[in-house]
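Below is one structure, written out as structure tokens; comments come after it.
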Amino acid sequence: MTQSNRFLPYTRWPDALAQRYRAKGYWRGEPLTAMLARQCELAPEAEAILCGERRFSYGELDAGSSRLAANLARHGLGVGDTALVQLPNVAEFYLVFFALLKAGIAPVNALFSHNRLELLSYAEQITPRLFIGSLTHPLFATKGCESELLISIGAELVLLDGNGGELGLTRWLGEGDAGDSPSVSFAPTPADEVAFFQLSGGSTGTPKLIPRTHDDYLYSVRRSNEICELGPHTRYLCALPAPHNFPLSSPGALGVFEAGGAVVLAPDPGPMSCFPLIARHRVNLTSLVPPAVSLWLQAAESDPSVRTQLESLDLLQVGGAKLAEAVASKIEPLLGCQLQQVFGMAEGLVNYTRLSDPDEKVIHTQGRPMSPDDEVRILDEAGNPVAPGEPGALHTRGPYTFRGYYQSPAHNARVFDSDGFYCSGDLVVQDADGYLTVVGRQKDQINRGGEKIAAEEVENQLLHHPAITHAALVSMPDSAMGEKSCAFIVTTEPGLKPLALRKFLRERGVADFKLPDRFETLDALPMTAVGKIDKQGLRARIAHLIAGNPLTTA
Ligand code: AMP
Ligand code: DBH
């Protein structure tokens, strides 16, 4: 077998575009791990990660990730292999990520909120040789479930954070200095091969994986750094789930490491967790989803003295879901920091409002594409460009926008056009300056305050219930989350309780944030003229119900 056969398959950019991206200096043939090597040259003692009472310098981050990479290589893992990783917001997340990149092992970094179904779906798609998880996850709380899950994942090597034994992650990160053990070689995949898989919010029955190369991802990070003006002075609070594309790359933790700044880890984005960390570590940059922004504003409104805790904060990035203008306009006056809107996707395209933009753009738009080579087309239902200022479906391609989900030819045929533009499923309006405003969605997805729920995935799980014959999941408006989910069901058993249904789904391994917030029983689901479930009608119905019966929205 030649070496190249060992690389994971993915849909490449056409040669002409790849050449353009290289010629323009976007793709530099460098692995993502180059940022660590560079910082180790420049300032190995500088703080890279602050996690609870622990501090990791760049030298320590580099050495720890190299030790784990070497230990994995010694175990026979390397280029062509994949790993499934599920860690909370702890320093080990980055140590493991860099270790896997250094050893050429492509990870899927599952969110900590993911449950058995997501893990098994990822495992089925990548057949990982390695699983790295945390004993703090509820999946490992009950003995027994744990081994059944691990058997189903099928990885030959399992390392657990919080386990002090032979298979404890800490041990693998800490043991084996170059000096006292036989040397072993390891290397990242070439820069134009898959570095890792990003997670899609999804709109289908199975969660899809997005292959990201070193070249394209590193470009997105470097370009984000230019726009957001990161530098060694940057002290970034990572309060969103660390693997998410936003806090990882827009510019996120990787942007901070590339710039030589420090990442402070928060367990969650709530004000109680974040405000003291901001004050203690003089944080000047963070990113949030809109529901967290509302909590921060409430906290600041109810007790103006908390603002002193936010004194060091210069820039608050908000993205993941639509930020209401009324909320946007309160940020600067109440939190005392600048707002930047970020409209991005794990598939690629990221839009930013710029730091020098007037309020008119920062409050009312979701920014404009970060790269001069992002190509955006806004098309009507027939696939023709809409008139300027008219809403249409966002199609895009560019130097960091993927060209196909991993091993999903049928789905790719639906979401890519013949020019290789990806249709994100967002309905947007573009102004004369190229700024986008998100006005709606085509894809069958609920955006629950930034957490994406593929309707089909939950519907399929509901249909496993013996008494449910039809199910449709739709979004309903919610003042705190923007959207919540409502399941319309047809059942053979009147009086099925929401509590019992949620328990049923949870036991099937559905993640908590995907459990329907509300259930409505119907005699039959309404159909459109072409025989599809009329989701628009269902959304209107639940919105109407909520408006008329505010007390029943629980
Ligand atoms: P994902 O596929 O999980 O990476 O989610 C990306 C999707 O999140 C986008 O296609 C949008 O639907 C949504 N999104 C992200 N940022 C924003 C934003 N600032 N405003 C509105 N929607 C957003
Ligand atoms: O929602 C997202 O996926 C997202 C939001 C902001 C994203 O991927 C990003 C920035 O990079």
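Read the numbers this way: they start at 1 and go in the same order the structure lists the ligands and their atoms. Just so it is clear, the values below take in all heavy atoms, side chains as well, and ignore hydrogens, waters and symmetry mates.
For Phe197 and Tyr406, the ring centers sit closer than 6.0 Å to each other. Under the 6.0 Å cut-off for aromatic ring centres, Phe402 and Tyr422 qualify, their centroids lying closer than that. In this structure, His114 has its ring center closer than 6.0 angstrom to the ring center of Tyr122. In this structure, Tyr21 has its ring center no closer than 6.0 Å to that of Tyr400.
For ligand 1, the polar-atom distance check against Ala346 finds a nitrogen or oxygen pair separated by under 3.5 Å. Polar contact check, Lys443 against ligand 1: a nitrogen or oxygen pair lies under 3.5 Å apart. At under 3.5 Å, a nitrogen or oxygen of Met345, whether backbone or side chain, sits near a nitrogen or oxygen of ligand 2. Checked against a 3.5 angstrom limit, the closest N/O atoms of Gly201 and ligand 1 fall inside it. Residue Lys452 has at least one N or O atom closer than 3.5 Å to an N or O atom of ligand 1.
In this structure, the protein non-hydrogen atom closest to atom 9 (C) of ligand 1 is Asp426 OD2, 3.4 Å. Shortest contact from atom 1 (O) of ligand 2 to any protein heavy atom: Lys452 NZ, 3.0 Å. Nearest protein neighbour of atom 3 (O) of ligand 2, counting heavy atoms only, is His244 CE1, 3.5 Å.
In this structure, of Val342, Val318, Val428, the residue bringing a heavy atom nearest to atom 19 (N) of ligand 1 is Val342. Comparing heavy-atom distances from atom 15 (C) of ligand 1 across Gly344, Gly319, Pro290 singles out Gly344 as nearest.
Put simply, the residue from Arg518, Lys322, Arg441 that forms a salt bridge (charged side-chain N to carboxylate O under 4.0 Å, His left out) with Glu483 is Arg441.
A donor-acceptor pair shorter than 3.5 Å cannot be found between the side chains of Tyr405 and Thr11. Under 3.5 Å, the side chains of Tyr435 and Asp357 contain a donor-acceptor pair of N or O atoms.
Using a 4.0 Å cut-off between heavy atoms, Gln341 makes no contact with ligand 1 at all. Proximity of Ser250 to ligand 2, defined as any heavy-atom pair under 4.0 Å, is confined to the side chain (atoms from C-beta onward).
Proximity to Asn447 (heavy-atom distance under 4.0 Å) selects the following atoms of ligand 1: 13 (C). Of all atoms in ligand 2, numbered sequentially from 1 with element shown, those under 4.0 Å from a heavy atom of Val350 are 11 (O).
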If you apply the rule side chain to side chain donor-acceptor pair (under 3.5 Å), what do you find for Thr204 with His411, and how did you get there?
CA-CA 9 Å; Thr204 61; His411 187 62; 5.2 Å; no
